[in-house]
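Heads up, the thing below is written out as structure tokens.
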Amino acid sequence: MAKILSLSPPGRTADLICFSHLRWNFVFQRPQHLLTRCARERRVFFFEEPVFDADVARLDLSPDPSGVVVAVPHLPAGLAPGAVEAELAQLLDGLLTGQRVTRYILWYYTPMSLTFSDHLRPLAIVYDCMDELSGFAGAPAGLREAEQRLLKAADVVFTGGQTLYESKRHMHPNVHAFPSSVDVAHFARARNAPRDPADQAAIARPRLGFFGVIDERLDIDLVGAVASARPDWQIVFVGPVVKIEPARLPRAANLHYLGPRTYAELPAYISGWDVALLPFARNEATRFISPTKTPEYLAAGRPVVSTSIRDVVRPYGERGLARIADTPGDFVAAVSAALAEPAAARLRAADAFLARMSWETTWAGMWDLVEEAVTQRAGAAQSRPSGTSLDGASATA
């Protein structure tokens with residue numbers, strides 16, 4: 001059962017329960033940006049995928065400083081899939097009962113969570129489709145079928161980029177593109193030349209850098225070829241290595257893998273780079289991605305060189321805010337041009353573009369659509385014959 005915390009008692013404001021395939025404390029990205037803002041106005045429970053390390057099923061609740069409550073299910077190893085779903089459903093019901101959650105919105109990042117939550121009666125169901133998960137290495141069996149079920153159940157669907165929107169727009173009548181935004185003030189700290197982190201200070205210049213998850217989306221052949229072609233360039237990677245063996249990563253004296261760092265630490269690292277990189281492979285895992293780090297690099301004042309990821313090419317490449325190159329020779333040439341370009345004009349263009357982007361604006365636009373979905377679902381419930389309502393709750397979220 002869930003540990004009972006001394007949380008604020010619920011009022012008329014609806015709570016939000018998020019189901020995610022990502023750990024809250026893994027990398028600070030889209031879910032964290034959005035839900036920390038949501039938690040300013042309502043209780044938010046972030047329900048993670050299970051950890052199989054317990055003798056008896058339990059749900060651990062941990063309040064994050066942002067106000068989000070992280071819920072981690074711990075289950076016995078070796079359970080059959082049906083038993084896993086039954087245990088998760090029981091833990092989820094215990095969370096709602098123990099925390100007096102009666103009016104709530106369900107927010108999904110993973111369709112797989114529908115298998116143990118489809119008995120709930122929310123005010124609305126939101127699917128924030130931040131990636132095409134079926135294209136990622138290790139995607140669970142049945143993911144595509146689960147997504148079809150979620151698309152049928154959802155009241156509103158968001159996508160994390162324009163290309164993903166174009167892929168999903170015909171699958172649901174209420175789909176909206178909300179590309180990742182940026183906390184400009186946070187990353188602009190990099191422009192003030194903070195102290196170089198100790199593990200980066202001894203690395204020579206010029207430095208090319210990348211931060212983020214290092215996985216099957218990284219073009220390791222391209223990285224190795226660039227490092228070989230320009231041994232005088234130092235290439236720095238900041239982030240965890242997942243889903244690929246570290247031994248597969250290219251190794252050279254000018255390649256530096258510094259490991260994961262916190263969101264708060266990133267501006268100091270970027271400040272010490274001369275060019276920021278997006279060396280993504282072009283494969284099924286990257287076909288629909290919209291890298292959050294693109295505007296973050298620009299806010300930090302770094303020139304950007306990327307492979308031809310569609311949501312980087314459009315709009316950043318088309319507006320001259322990022323150089324696009326795919327072959328090792330072209331990538332080296334693009335980095336050379338970025339190193340030589342004057343900073344003033346680039347910074348003015350980047351700042352003008354970023355002035356229209358913020359997580360606050362993105363969250364406000366998304367929440368307006370959520371409130372519309374709550375109202376529409378409540379209206380549809382009231383129009384049904386008695387006894388067929390999905391939730392019977394008022395329409396105020």
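All residue numbers in this chain count up from 1 along the given sequence.
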| query | Between His33 and Ser181, is there a donor-acceptor pair closer than 3.5 Å when you use the side chain of the first and the backbone of the second? | reply |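 Checked: no pair found.
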Which residue, [options], forms the side-chain contact (heavy atoms from CB on, under 4.5 Å) with [X]?
X	options	answer
Ile324	Thr307, Val312, Val304	Val312
Phe158	Thr362, Val175, Leu369	Leu369
Leu22	Glu48, Met130, Gln32	Met130
Arg230	Ile235, Val335, Val332	Val332

Out of curiosity, [X] [atom1] to [Y] [atom2], how far, rounded to the nearest 0.5 Å?
X	Y	atom1	atom2	value
Arg205	Asp274	CZ	CG	4.0 Å
Phe211	Leu266	CZ	CG	5.0 Å
Arg144	Glu147	CZ	CD	8.0 Å

| query | With Arg30, which residues qualify under salt bridge (charged side-chain N to carboxylate O under 4.0 Å, His left out), at least two apart? | reply | Asp128
| Does the ring centre of Tyr165 sit less than 6.0 Å away from the ring centre of His176? | no
| query | Is there a path from Phe116 to Leu143 through hydrophobic residues (I, L, V, M, F, W, Y) whose side chains come within less than 4.5 Å of each other? | reply | no
Without hydrogens or angle criteria, can the side chains of [X] and [Y] be said to hold a donor-acceptor pair below 3.5 Å?
X	Y	result
Trp367	Glu41	no
Asp311	Thr163	yes
Tyr108	Ser117	yes

| query | Of all residues at least two apart in sequence or in a different chain, which pass the side chain to side chain contact (heavy atoms under 4.5 Å, CB included) check with Ala153? | reply |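 Partners of Ala153 by the side chain to side chain contact (heavy atoms under 4.5 Å, CB included) criterion, ordered by chain and then number, come out as Ile125.
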| request: Mind running side chain to side chain donor-acceptor pair (under 3.5 Å) on Ser358 and Thr361 for me, showing each step along the way? | output: CA-CA 5 Å; Ser358 76; Thr361 300; 2.9 Å; yes
| request: Using the ring pair (Phe, Tyr, Trp, His ring centres under 6.0 Å) rule, collect all pairs that involve residues 118-157, keeping only residues at least two apart or in two chains. | output: none
